[in-house]
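For reference, the structure is listed below as C-alpha cells.
Because the structure is a prediction, the values reported are computed rather than measured.
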Amino acid sequence: MNLKPNISGISRYWKEGEDDRREVAKSLGLKPDSKSDRKLVDFFLEGLLTTVNSRRRTKLVGFGVFEWKKWNNRLPTGRFVETWRLTFKPGRYVKGKYRGQ
C-alpha cells in the first residue's frame, strides 16, 4: 500500500451530495460551509486515518473495530491477487446502529 500517494490536482471538497464530510459536520452541530469547521472535521478524519493505517486492528470502545484483513482472489484474467482490505465492525451497543433501513 502506498502511504504517500500523489494527490496533487485533486480537490479536497466534492459536490454536496458526494462528500460525507458535510454530514459529519452537520451531525457534530458544525456549519459545513465554515472554513474553520471544515478544518476541524478534516483534522478528526486525518487523525482517524493515521491511526487506522498505523496498526492492523484499531478498537474504539463504544464505537467499533477497524481491522485490516488479507484478501486473496483470482481476477477474470486468471491472475491470482493477494492484497489487504479494511473492515469495520460496529460495537455491540452502539446507539442507532445501521440495520439496513
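- Among all heavy-atom pairs drawn from E82 and N72, the shortest one is CG-OD1, 2.8 Å.
- Smallest separation of non-hydrogen atoms from N53 and W68: OD1-CZ2, 3.2 Å.
- Surrounding CZ of F80 are more than 12 heavy atoms belonging to other residues, nucleotides or ligands, all under 6.0 Å away.
- K59 places none of its side-chain heavy atoms less than 4.5 Å from the side chain of E67.
- With rounding to the nearest 0.5 Å, the separation of NZ in K31 from CZ in R38 is 14.0 Å.
- L40 meets the side chain to side chain contact (heavy atoms under 4.5 Å, CB included) test with L30; sequence neighbours excluded.
- When the side-chain hydrogen bond (donor to acceptor under 3.5 Å, both in side chains) test is applied to S36, the partners found at least two apart in sequence or on another chain are S34.
- For the side chain to side chain contact (heavy atoms under 4.5 Å, CB included) test, no residue two or more places apart in sequence or in another chain qualifies with K89.
- Looking only at side-chain heavy atoms (C-beta outward), W84 and K70 come within less than 4.5 Å of each other.
- For F44, the ring pair (Phe, Tyr, Trp, His ring centres under 6.0 Å) criterion is met by no residue, not counting sequence neighbours.
- There is no path of hydrophobic side-chain contacts, each under 4.5 Å, that joins L86 to V65.
- With side-chain heavy atoms closer than 4.5 Å counting as contact, directly or through intermediates, the hydrophobic cluster containing L75 also holds W71, V81.
- In this structure, F63 CZ and T58 OG1 are separated by 11.5 Å, a value rounded to the nearest 0.5 Å.
- Here the straight-line distance linking atom NZ of K39 with atom CG of D37 works out to 12.0 Å at 0.5 Å rounding.
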Using the side chain to side chain contact (heavy atoms under 4.5 Å, CB included) rule, take L48 and L60 through it: C-alpha gap first, then chi angles, then the decisive distance, then the call. CA-CA 10 Å; L48 180 62; L60 303 170; 4.0 Å; yes
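- Rounded to the nearest 0.5 Å, atoms CZ (R79) and CG (N73) are 12.0 Å apart.
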